[in-house]
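To start, the structure itself, in C-alpha cells.
What you see below is based on every heavy atom in this structure, not just the backbone, and it leaves out hydrogens, waters and symmetry mates.
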Amino acid sequence: MGILKSFLRGLGLFLLVIVGIGAWLALPWPFLLGLVVIFLAWMFFTRRGRQTGSVTQVGLSTLGQRIGSSSVIVIGIAGVVAVLVALLAMAEGYRETLRKSGGQDSAIVLRGASAAEVMSTLMHDSVNVISQAPGIARDAQGRALVSPELVVAANLPIKGGLPDEDGSVQLRGVGDAAWTVRPNVKITAGRKFSTGRRELVAGSGAQRQFAGLEPGRQVRLGNQTWDVVGIFHSGDAMDSELWGDAEVVATTYRRGSSRTSVTAKLVNAEAFKGFKETLSKDPRLDVDASTTLDYFSKQSEGMTKVIRIIGMVVGGIMAIGAVFGALNTMFATVATRAREIATLRAIGFRGVPVVVAVMLETMLLALLGGLLGGVLAWLIFNGFTASTIAGGVGQLTFEFKVSPEVLWTGIKWALAIGFVGGLFPALRAARLPVTEALRAA
C-alpha cells in the first residue's frame, strides 16, 4: 500500500510539473513579471522568504568550489537555448520577410479557390473588370494603379552548387504599373528592363542565390536566352524574384493574354471592403480578393509552423538531456551539502526555504545559461541569410531574425529546464532526516 501511495504521489507531482511548465511557456510576459514581483515580495516580507534568501546566499557563496559541476548546467542549457533560438529566428525571419511584402492599403486578386499566385489564372476580360472596381487609387493622369502580373517557375544554376544543380526561382512578368504599386522596389544596379524585350531584372536575394544574375550576363529561361540588365532591392519577398516584361514572359511560356494575379493600390485601407464586395457580387468574375498583408501572411503560415515545430522538438530533445545533467549536478550538490542543510534544519530552518533555495540556485544557473545561449545565437545567426521553397514555387531568400520575443522564449525554456532540474534534488534535500545527515557527514 505504501508503495502505491508513493507511486501515485510521484505521478501526481510529475503531472503537476508538466502542466506547470506548459502554463509557464504559454503565459505572456506581463503575467510572468507579476509572478516575479509576488515572489520577491514573499522573499523580503515573510520569515520563510528571508530564510530562503539566507540559504540561497550560502549556496551561491560555494559556487566557486563547484565551478566544474555548475558549468555543466550552464553550458548544457546554453546549447539548448542557442539551438532553439536559432530555429525560432529562422521561422521569425521567414514570416517577417513575407509579411513585409504586403500592406492593408493594397489588394491582390486571384482566381477563386487559388491558394497561391502560381495556381491562379485570370483571363484578359477578368483583368479589365477588376481594374474598374471602386476603391482603386489613381495616378496624376487618372490611370488606375493596377498591376496585372504573371508568375511562373523557372530553373537556374545555384551559385556555388554542382554543375548540374539547379534551383527554382520565381519569374514575375509585370508592366510599368508594378513599379508604382510597389514603390519600395528600387533599382540598385543597372537599369529596368525594356518593354517588349527579353530582358530581366533580378532581386538582390535571387542574385545571392543563383549564378549568372549580374548585369550584362545572360541566362536561359524557358528555352530562351534572357539578358540580365539590372538588380533591384525591396527588402521583402520580391527580392527573391526575377522580373521581366509580362507580354514577353507570357509569350515565352505560352500563357497568351492570361495573368495569374492582379495587384491593386487602394485609396486607403478602408476601401478594401467595398472593393472586395464589388468583385464578389460581379457575375462575370470568379475571384478571391485579399489585402496583400493577409495574402503573404497566409503564405508564411505553413512553413513557419513547420520550422517552429521542428525547433520545439529538437529543443525538447536537447532539453531532456540538459534536465538530466542538471539533476545529476544538483543531486551531487545536495549530497555534498548534506551536513550544511541538516545544520540549517536543526537550527530552525523549515523545509520550504530549503526547497526554494536549491531550486533558486539551479534556476539562476539556468538563467545564466539561457542568457549565454541567447547571446551566442544572436551573434551567430541574427541577419544570417538562408533560403527555402515558398508557396510551392521558387526559393525565398530571407534573414534570420533573433527578435526580443524569440530571446524571451529561449529564456523561458532555460528557466523551465532549471525548474525541473532543481525540483527533485530540492525535495530530497528538504526530506533529508536531520540526524541521518549529520551522522553521514
Next on the checklist: Using the rule given for side chain to side chain contact (heavy atoms under 4.5 Å, CB included), can you reason through D282 versus L285, listing the C-alpha separation, both sets of side-chain angles and the distance that settles it, and then say yes or no?
Outcome noted: CA-CA 6 Å; D282 195 317; L285 299 175; 4.1 Å; yes
Checklist entry - Where do R284 and D125 land on the side chain to side chain contact (heavy atoms under 4.5 Å, CB included) test, with the steps shown first? => result CA-CA 9 Å; R284 296 170 293 177; D125 291 344; over 6 Å; no
Next on the checklist: Working note: L360 + F39, criterion side chain to side chain contact (heavy atoms under 4.5 Å, CB included); need CA distance, chi angles, decisive distance, verdict.
Outcome noted: CA-CA 11 Å; L360 196 56; F39 177 74; 4.1 Å; yes
Next on the checklist: One pair to check against side chain to side chain contact (heavy atoms under 4.5 Å, CB included): V228 and V219. What are the steps and the verdict?
Outcome noted: CA-CA 7 Å; V228 180; V219 294; 4.2 Å; yes
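No side-chain heavy atom of P148 sits less than 4.5 Å from a side-chain heavy atom of L122. Contact annotation: the side chain of R191 never approaches that of I187 to less than 4.5 Å [non-hydrogen atoms, C-beta and beyond]. V152 is not listed as a side-chain neighbour of V118, based on a closest heavy-atom distance of 4.5 Å or more. No side-chain heavy atom of D245 sits under 4.5 Å from any side-chain heavy atom of E199. Proximity of L415 to L367: side-chain heavy atoms (C-beta onward) are separated by under 4.5 Å at one or more points. With contacts defined as side-chain heavy-atom distances shorter than 4.5 Å, the pair F296/T97 does not qualify. Taking 4.5 Å as the limit, some side-chain heavy atom of T409 sits within range of a side-chain heavy atom of W413. Looking at W42 and V356, their side chains come closer than 4.5 Å, going by heavy atoms from C-beta outward.
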What pairs of donor and acceptor atoms, side-chain ones from residues 171-182 against any protein atom, are under 3.5 angstrom apart with sequence neighbours left out?
residue, atom, partner, partner atom, Å
R172, NE, E241, OE1, 2.7
R172, NE, E241, OE2, 3.4
R172, NH1, E117, OE2, 2.8
R172, NH1, E149, OE1, 2.6
R172, NH2, E117, OE1, 2.9
R172, NH2, E241, OE2, 2.9
R182, NH1, E149, OE1, 3.4
R182, NH1, E149, OE2, 2.5
R182, NH2, E149, OE1, 3.1
R182, NH2, T263, OG1, 3.4

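Listed by first then second residue, pairs satisfying side-chain hydrogen bond (donor to acceptor under 3.5 Å, both in side chains) with a partner in residues 221-232 read Q218-D227, R220-T225, not counting sequence neighbours.
The distance from atom OG1 of T56 to atom CD of E361, rounded to the nearest 0.5 Å, is 8.0 Å. To the nearest 0.5 angstrom, T195 atom OG1 is 6.5 Å from F193 atom CZ. Atom CG of L87 sits about 12.5 Å away from atom CD1 of I309, to the nearest 0.5 Å. K276 NZ to T278 OG1: the interatomic distance, rounded to the nearest 0.5 Å, is 11.5 Å.
Between L98 and A237 the shortest heavy-atom distance is CD2-CB, 3.8 Å. In terms of heavy-atom proximity, G410 sits nearest to V85 at CA-CG2, 4.1 Å. Heavy-atom minimum distance, R308 versus A91: CG-CB, 3.7 Å. The minimum heavy-atom distance linking L279 with A289 is given by the pair CD1-CB, 4.1 Å. Minimum interatomic distance between G418 and I77 (heavy atoms only, all atoms of both residues): N-CD1, 4.4 Å. Closest of all the heavy-atom pairs between R99 and L293 is O-CD1, 3.7 Å.
Formation of a donor-acceptor pair under 3.5 Å by the D105 side chain with backbone atoms of L266 is not found in this model. In terms of modelled atom types and a separation under 3.5 Å, the side chain of K186 and the main chain of P183 share a donor-acceptor contact. Formation of a donor-acceptor pair under 3.5 Å by the S120 side chain with backbone atoms of R111 is found in this model. The main-chain N or O of V402 is found under 3.5 Å from a side-chain atom of N382 such that the two form a donor-acceptor pair. Remark: the backbone N or O of I231 is paired with a side-chain donor or acceptor of T188 at under 3.5 angstrom. At distances below 3.5 Å, not a single donor-acceptor pair connects side-chain atoms of T292 with backbone N or O atoms of A107. With hydrogens and angles ignored, the 3.5 Å screen pairs no side-chain donor or acceptor of S234 with any backbone N or O of N184. For Q299 (side chain) and A115 (main-chain N/O), a donor-acceptor pair under 3.5 Å exists by modelled atom type. Using a distance-only test at 3.5 Å, with no hydrogens or angles considered, no donor-acceptor pair links the side chain of T260 to the main chain of T121.
For the salt bridge (Lys or Arg N to Asp or Glu O under 4.0 Å) test, residues two or more places apart in sequence or in another chain that qualify with K159 are E214.
Note on E92 versus R95: salt bridge recorded, some NZ/NE/NH1/NH2 to OD/OE distance being below 4.0 Å. Comment: R197 does not engage E247 in a salt bridge, judged by the lack of any side-chain N to carboxylate O separation of less than 4.0 angstrom.
A centroid separation of less than 6.0 Å is found between the aromatic rings of W243 and F232.
In this structure, a donor-acceptor pair under 3.5 Å is absent between the side chains of T252 and R255. A donor and an acceptor atom, one from each side chain of H233 and S204, are located under 3.5 Å apart. At a cut-off of 3.5 Å, with distance as the only test, no side-chain donor of S297 or D294 sits close to an acceptor on the other residue.
Checking V262, L110, V109 one by one against V287, the side-chain contact (heavy atoms from CB on, under 4.5 Å) holds for a single residue, V109.
In this pair, F384 and F381 present their aromatic rings perpendicular. The plane angle is above 60°, beyond the 30 to 60° band.
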